[in-house]
**Q** 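Let me begin by handing over the structure; questions about it come next.
Side chains included, hydrogens not; waters and symmetry mates left out as well; all remaining heavy atoms used. Computed from a predicted structure; not experimentally measured.
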Amino acid sequence: MDLPHNIETSDIINGPTSLINSVIKRDQINLQMYIPDDLPEIKCRSQQIQQVIMSLLTNARDALNSKYFGYDQNKIITVTCRQYSKSNRRWVQIIVEDHGNGIPKEIQQNIFNPFYTTKRRDKRSGLGLSISYGIVKDHHGSLSFETVSGQYTKFLLDLPVDNGWFHDVNA
């Protein structure tokens with residue numbers, strides 16, 4: 001069981017990116033990382049948050065591969081992280097951005113719904129974003145996106161540094 005603990009934010013990001021890196025390289029995708037050295041540790045179930053990041057990276061990879069069939073200078077996934085304050089709390093924001101086709105307006109309201117997918121059913125279950133959304137909500141964070149059709153999609157994962165929820169967990 002993935003118990004809540006303190007973990008370096010950079011370690012949460014580096015785990016999934018190192019796992020998917022060889023696949024991304026094979027697909028001729030440039031992975032750019034902008035992770036400051038002074039990020040705080042966050043209290044979380046790290047395997048769950050890494051699962052969310054892996055899902056976002058996989059979706060970004062799929063978006064780029066559907067737009068670009070080989071090498072292209074815009075075939076880039078960017079992972080950016082920053083810390084900020086909101087309502088007297090410290091937060092960490094992790095952004096996964098791709099320059100794929102964006103999310104069409106007519107499906108945007110459905111992307112966090114269970115079993116919703118635009119991919120062939122034999123390729124994906126339609127659960128990645130739904131599960132990710134639930135994990136982030138359980139961490140008292142938020143998962144949102146910005147997109148422009150034909151240009152890009154950014155997923156914004158916002159997590160409180162000290163969310164306090166695991167004082168209630170019977171671990």
**Q** At what distance, to the nearest 0.5 angstrom, does CG of L159 lie from CD1 of I12?
**A** 7.5 Å

**Q** Just to verify, what does F145 make a side chain to side chain contact (heavy atoms under 4.5 Å, CB included) with, not counting sequence neighbours?
**A** I103, Q108, I111, F112, T147, F155

**Q** Taking only residues two or more places apart in sequence, or in another chain, which ones meet T17 in a side-chain hydrogen bond (donor to acceptor under 3.5 Å, both in side chains)?
**A** none

**Q** Tell me the closest heavy-atom pair linking L64 and G100, and the distance in Å.
**A** CD2-N, 3.8 Å

**Q** Return yes when atom OH of Y133 has more than 12 non-hydrogen atoms of other residues, nucleotides or ligands closer than 6.0 Å, and no otherwise.
**A** no

**Q** How long is the straight-line distance from NZ of K67 back to CG of D98, given to the nearest 0.5 Å?
**A** 9.0 Å

**Q** Can V52 be reached from M54 by stepping across I, L, V, M, F, W or Y side chains whose heavy atoms are under 4.5 Å apart?
**A** yes

**Q** Tell me who clusters with W91, hydrophobic residues only, linked when side chains sit under 4.5 Å apart either directly or through other members.
**A** Y84

**Q** For P104, which residues count as a side chain to side chain contact (heavy atoms under 4.5 Å, CB included) partner, sequence neighbours excluded?
**A** E106, I107

**Q** Do S132 and L56 have side-chain heavy atoms sitting under 4.5 Å apart?
**A** no

**Q** Give a yes or no on whether the backbone of G70 and the side-chain of K75 come within a donor-acceptor separation of less than 3.5 Å.
**A** yes

**Q** Which residues satisfy the ring-ring contact (aromatic ring centres under 6.0 Å, His included) test with Y68, sequence neighbours excluded?
**A** none

**Q** Side-chain heavy atoms nearer than 4.5 Å, only ILVMFWY residues, links allowed to pass through others: does that put L39 and I7 together?
**A** yes

**Q** To the nearest 0.5 Å, how far apart are CD in E146 and CG in L156?
**A** 5.0 Å

**Q** How about E97 and H99: do any of their side-chain heavy atoms sit closer than 4.5 Å?
**A** yes

**Q** Got a second to check how far H140's NE2 is from C44's SG, nearest 0.5 Å?
**A** 13.0 Å

**Q** Which heavy-atom pair separates G15 from Q50 by the least distance, and what is that distance?
**A** CA-NE2, 3.9 Å

**Q** Nearest 0.5 Å, please: how far is CE in M33 from CD1 in I13?
**A** 6.0 Å

**Q** For the backbone of G102 and the side chain of S149, can you confirm whether one donor and one acceptor N or O come within less than 3.5 Å of each other?
**A** no

**Q** Test of understanding: clusters of I, L, V, M, F, W, Y form through side-chain heavy atoms closer than 4.5 Å, transitively. Do V79 and I42 belong to the same one?
**A** yes

**Q** What residues form a side chain to side chain contact (heavy atoms under 4.5 Å, CB included) with D38, not counting sequence neighbours?
**A** P36, Q83

**Q** Among Ile, Leu, Val, Met, Phe, Trp and Tyr joined by side-chain contacts under 4.5 Å, find the other residues sharing a cluster with Y34 and list them by chain and number.
**A** none

**Q** Would a single hydrophobic cluster contain both Y152 and I29, if residues Ile, Leu, Val, Met, Phe, Trp and Tyr are joined by side-chain heavy-atom contacts under 4.5 Å?
**A** no

**Q** Are S55 and I131 packed together at the side-chain level, in the sense that at least one heavy-atom pair is separated by less than 4.5 angstrom?
**A** no

**Q** Are I53 and V161 co-members of a hydrophobic cluster defined by side-chain heavy atoms under 4.5 Å apart?
**A** yes

**Q** Return a table of donor-acceptor pairs under 3.5 angstrom between the side chains of residues 20-27 and protein atoms on other chains or two or more places apart.
**A**
from: D27; atom 1: OD2; to: R61; atom 2: NE; distance (Å): 2.4
from: D27; atom 1: OD2; to: R61; atom 2: NH2; distance (Å): 3.0
from: D27; atom 1: OD2; to: N65; atom 2: ND2; distance (Å): 2.9

**Q** Report the residues that fulfil side chain to side chain contact (heavy atoms under 4.5 Å, CB included) with S10, sequence neighbours left out, ordered by chain and then residue number.
**A** E8, N14, I35

**Q** Supply the atom-to-atom distance I94 CD1 to L157 CG, rounded to the nearest 0.5 angstrom.
**A** 4.5 Å

**Q** CD of Q109: more than 12 outside heavy atoms within 6.0 angstrom?
**A** yes

**Q** Suppose we screen for side-chain hydrogen bond (donor to acceptor under 3.5 Å, both in side chains). Which residues come up paired with T78, at least two apart in sequence or across chains?
**A** none

**Q** To check you understand the geometry: which heavy-atom pair defines the closest contact between C81 and T9, and what is its length?
**A** SG-CG2, 3.7 Å

**Q** Identify, with sequence neighbours excluded, every residue that meets side-chain hydrogen bond (donor to acceptor under 3.5 Å, both in side chains) alongside Q93.
**A** R82, D158

